[in-house]
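Working notes, beginning with the structure itself.
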Amino acid sequence: MEIKERLQQIREEKKLSKRAVSDGSGIPYNTYIKYEYGEREIGVQSLQKLADFYGVSTDYLLGRPNAEPPADPIDNLVKKMTVQEMEADLIHRWLGLSPKAREAFLQVLREIVHEDDKRKQAKESEKNDTDYITVSTTLGEIEDQMKAEEDVSFKEEA
C-alpha cells in the first residue's frame, strides 16, 4: 500500500476530515491534500508530524510489512469502561477537531447554559412574585374577615 493510500485509510478510519488532519498535525492544508493525492512526496518532518498526530509509527505510515497498526487509546478506554458506541464516536470526533473548533463549540455551549440559567432565574422570579401576591391577597382576605367579624360583634354589642 502506498503512503497516499495509508494516509487516506487512517484518516477515514478515524472519521476525520482533511482539514482536521491538517489543523491537528500542523501541516498546511494544501500540502496535506497533495500528500494524500500522491502529488507530492512527504518529507521526514511531515511524516513524523502525521505519525505523532495519529499515534502510529512512521513505519506504519510508510506501509512497511512488519509495522503493526496502532492500538487506539480511545478504543482501549471504551473496552475498559462502560462506554456506548455513540459516546466513543463523540470522543473520536472531539479529538479530531482543531483547538479553534473545540473552543468555538465550547463557547456555543457556554452561551446555551447562560441562556438557560437566565430562563430559570426569570421563572423563579415570576414564582416568587406570584407567591408574594398570594400571601398578600391571603393577608388582605384575613384582614377583611377580621373586620367583618369585628363589625358583627360590634353590632351584637350595640
Side-chain angles (χ1 to χ4, degrees), residues 1-140:
M1 178 180 293
E2 289 185 44
I3 192 165
K4 68 179 187 173
E5 294 162 337
R6 179 73 69 177
L7 291 174
Q8 182 178 359
Q9 176 192 26
I10 194 169
R11 179 181 57 77
E12 288 174 352
E13 284 173 0
K14 299 209 180 264
K15 298 178 183 165
L16 298 171
S17 67
K18 292 174 185 133
R19 176 68 66 189
V21 173
S22 168
D23 291 346
S25 66
I27 296 172
Y29 180 71
N30 289 333
T31 303
Y32 177 76
I33 289 174
K34 288 179 182 177
Y35 293 153
E36 199 169 297
Y37 291 144
E39 296 174 2
R40 182 175 176 165
E41 288 289 318
I42 189 166
V44 173
Q45 192 174 25
S46 292
L47 183 66
Q48 188 60 53
K49 283 181 180 181
L50 288 167
D52 290 344
F53 173 75
Y54 284 123
V56 299
S57 68
T58 54
D59 283 349
Y60 177 76
L61 289 179
L62 292 169
R64 299 227 166 106
N66 294 337
E68 292 191 25
D72 187 339
I74 295 170
D75 288 341
N76 290 339
L77 180 66
V78 168
K79 289 175 188 172
K80 290 178 186 176
M81 300 176 68
T82 307
V83 177
Q84 295 178 11
E85 205 172 312
M86 185 182 224
E87 292 170 314
D89 288 343
L90 176 65
I91 293 167
H92 277 288
R93 298 245 177 140
W94 175 258
L95 294 175
L97 293 174
S98 70
K100 190 175 183 179
R102 287 183 198 174
E103 186 52 42
F105 182 80
L106 288 174
Q107 186 57 37
V108 169
L109 285 178
R110 287 182 194 105
E111 290 170 8
I112 290 169
V113 169
H114 179 71
E115 289 298 318
D116 188 55
D117 287 345
K118 283 173 46 178
R119 278 191 295 274
K120 286 178 184 174
Q121 287 173 353
K123 283 182 182 178
E124 188 62 31
S125 176
E126 186 178 298
K127 181 185 176 297
N128 289 340
D129 290 347
T130 303
D131 289 349
Y132 174 76
I133 291 170
T134 302
V135 168
S136 184
T137 303
T138 304
L139 287 175

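All residue numbers refer to positions in the sequence shown, counting from 1. Model, not experiment: these values are computed from the prediction.
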Criterion side chain to side chain contact (heavy atoms under 4.5 Å, CB included) on Tyr32 and Leu7, from CA distance to verdict: CA-CA 9 Å; Tyr32 177 76; Leu7 291 174; 3.9 Å; yes

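Summarising the geometry of Ile27 relative to Lys49, their closest heavy-atom pair is CG1-CD, 4.1 Å, with the distance given to 0.1 Å. Residues Pro28 and Ser22 approach most closely at C-OG, 3.5 Å, considering heavy atoms.
Listed by chain and number, the residues in a side-chain hydrogen bond (donor to acceptor under 3.5 Å, both in side chains) with Ser46 are Tyr35 (sequence neighbours excluded). Listed by chain and number, the residues in a side-chain hydrogen bond (donor to acceptor under 3.5 Å, both in side chains) with Tyr37 are Lys18 (sequence neighbours excluded). Remark: Gln121 engages no residue in a side-chain hydrogen bond (donor to acceptor under 3.5 Å, both in side chains) (not counting sequence neighbours). Not counting sequence neighbours, Ala104 has no partner by the side chain to side chain contact (heavy atoms under 4.5 Å, CB included) test. Residues that satisfy the side-chain hydrogen bond (donor to acceptor under 3.5 Å, both in side chains) test with Glu13, not counting sequence neighbours, are Gln9. Residues passing the side chain to side chain contact (heavy atoms under 4.5 Å, CB included) test with Glu2, sequence neighbours excluded: Lys4, Glu5.
For residues 27-38, the salt bridge (charged side-chain N to carboxylate O under 4.0 Å, His left out) pairs, not counting sequence neighbours, are Arg11-Glu36. Listed by first and then second residue, the ring-ring contact (aromatic ring centres under 6.0 Å, His included) pairs involving residues 2-28 amount to none (not counting sequence neighbours). Legend: salt bridge (charged side-chain N to carboxylate O under 4.0 Å, His left out) pairs involving residues 51-60, not counting sequence neighbours, sorted by first then second residue: Asp59-Arg64. Legend: salt bridge (charged side-chain N to carboxylate O under 4.0 Å, His left out) pairs involving residues 98-116, not counting sequence neighbours, sorted by first then second residue: Glu103-Arg110, Glu115-Lys118, Asp116-Arg119, Asp116-Lys120.
Rounding to the nearest 0.5 Å gives a distance of 5.5 Å between OG1 of Thr58 and CG of Leu47. One finds the NZ atom of Lys15 at 4.0 Å from the CG atom of Asp89 (value rounded to the nearest 0.5 Å). Remark: Glu85 CD to Glu87 CD distance equals 11.0 Å, nearest 0.5 Å. In this structure, Asn30 CG and Glu39 CD are separated by 10.5 Å, a value rounded to the nearest 0.5 Å. Rounding to the nearest 0.5 Å gives a distance of 8.5 Å between NZ of Lys14 and CZ of Phe53.
Counted within 6.0 Å of CD on Glu12, heavy atoms from surrounding residues, nucleotides or ligands total more than 12; the atom is thus considered enclosed. In Gln45, the CD atom is not crowded: 12 or fewer heavy atoms of neighbouring residues, nucleotides or ligands sit closer than 6.0 Å.
Counting heavy atoms from C-beta on, the side chains of Leu16 and Ile10 never come closer than 4.5 Å. Looking at heavy atoms from C-beta onward, Val21 lies in side-chain contact with Leu50 at the 4.5 angstrom threshold. Inter-residue side-chain proximity for Phe105 and Trp94 is flagged as met; some heavy-atom pair is nearer than 4.5 Å.
Within the 3.5 Å criterion, the main-chain N or O of Tyr60 finds a donor-acceptor partner in the side chain of Arg6.
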